[in-house]
Amino acid sequence: QVQLVESGGDLVQAGGSLRLSCAASGRTFVGYAMGWFRHAPGKEREFVGDISYSGSRIYYTDSVKGRFTISRDNAKNTVYLQMNSLKPEDTAVYYCAAGSLNIRSFGVDYWGEGTLVTVSS
């Protein structure tokens with residue numbers, strides 16, 4: 001059984017930082033791209049960014065560029081989302097995702113259950 005388990009969601013003040021983690025288990029993710037989505041109340045789910053297996057290719061949506069950083073540790077089967085300069089509009093449930101190809105272009109094979117990030121003003 002494949003599992004992606006997110007952690008690190010919390011309540012933080014605007015301007016603060018959080019680091020989300022996503023641990024993968026149940027199968028090998030060799031070669032898989034990993035990514036993050038978010039879903040805010042009343043809005044559609046938004047693709048935040050993804051990272052290739054080697055880490056050589058990283059993509060961010062415009063709204064988080066310069067503030068968020070995606071990284072991964074393949075030895076630990078873990079991907080991270082470092083979020084700095086957080087804004088109230090970053091409030092959302094953040095989901096980890098894995099895809100055998102480029103997630104942005106080809107979609108998601110596996111989803112995590114999400115972790116809530118709340119940014120207060």
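Keep in mind the model is a prediction, meaning the values are calculated, not measured. The first residue in the sequence is number 1, and the count goes up from there.
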Is there a salt bridge (charged side-chain N to carboxylate O under 4.0 Å, His left out) between Asp90 and Lys87 once you walk through the steps?
-> CA-CA 5 Å; Asp90 294 317; Lys87 304 174 182 180; over 6 Å; no
Evaluate the side-chain contact (heavy atoms from CB on, under 4.5 Å) criterion for residues Ile58 and Tyr60: first the C-alpha distance (whole Å), next the side-chain angles of each, then the deciding distance (0.1 Å), finally the verdict.
-> CA-CA 7 Å; Ile58 305 175; Tyr60 301 98; 3.4 Å; yes
Show your working on side-chain contact (heavy atoms from CB on, under 4.5 Å) between Asn102 and Arg57 and close with a plain yes or no.
-> CA-CA 10 Å; Asn102 178 311; Arg57 181 194 59 77; 3.6 Å; yes
I would like to know whether Met83 and Val12 meet side-chain contact (heavy atoms from CB on, under 4.5 Å); could you show each step before the answer?
-> CA-CA 11 Å; Met83 304 184 293; Val12 63; over 6 Å; no
Audit row: Val5, Ser25, side-chain contact (heavy atoms from CB on, under 4.5 Å) steps and yes/no = CA-CA 8 Å; Val5 179; Ser25 63; 5.7 Å; no
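Tyr80 and Leu20 fall into different hydrophobic clusters, where Ile, Leu, Val, Met, Phe, Trp and Tyr residues are linked whenever their side-chain heavy atoms come under 4.5 Å apart, directly or through other members.
Of the possible polar contacts, none joining the Ser56 side chain to the Ser54 backbone as a donor-acceptor pair under 3.5 Å is found. In this structure, Thr91 contributes its side chain and Val119 its backbone to a donor-acceptor pair below 3.5 Å. Looking at Arg72, its side chain does come within 3.5 Å of a backbone N or O of Ser52 through a donor-acceptor pair. Side chain of Glu6 to main chain of Glu113: a donor-acceptor pair is present (N/O by atom type, distance under 3.5 Å, no hydrogens or angles).
Between Tyr32 and Tyr110, the angle of the ring planes lies from 30° to 60°, which puts this pair in the tilted group.
The closest side-chain donor-acceptor pair between Glu46 and Ser63 falls under 3.5 angstrom.
Between atom OG of residue Ser120 and atom CG of residue Leu86 there is a gap of 10.0 Å, rounded to the nearest 0.5 Å. The distance from the OG1 atom of Thr61 to the CZ atom of Arg38 is 7.5 Å, given to the nearest 0.5 Å. Within the model, atoms OG of Ser17 and CZ of Phe68 stand 9.5 Å from one another, a figure rounded to the nearest 0.5 Å.
Between Val79 and the choices Asn74, Ile51, Asp73, the side-chain contact (heavy atoms from CB on, under 4.5 Å) rule is met once, by Ile51.
Nearest heavy atoms, Ser21 versus Thr78: CB-CG2, 4.4 Å. Pairing each heavy atom of Ala14 with each of Ser121, the nearest pair is CB-CA, 4.4 Å.
Contact of the Leu4 side chain with the Phe29 side chain is registered, since non-hydrogen atoms from C-beta on lie closer than 4.5 Å.
Hydrophobic side-chain contacts under 4.5 Å tie Phe37 into a cluster, directly or through other members, with Phe47, Tyr59, Val93, Tyr95, Ile103, Val108, Trp111, Leu116. Under a 4.5 Å side-chain heavy-atom cut-off, the cluster of Ile, Leu, Val, Met, Phe, Trp and Tyr residues that includes Val30 is completed by Tyr53.
Applying the disulfide (SG to SG under 2.5 Å) test to residues at least two apart or on different chains, the pairs with a partner in residues 56-121 are Cys22-Cys96.
Heavy atoms from other residues, nucleotides or ligands lying under 6.0 Å from NZ of Lys65 number more than 12.
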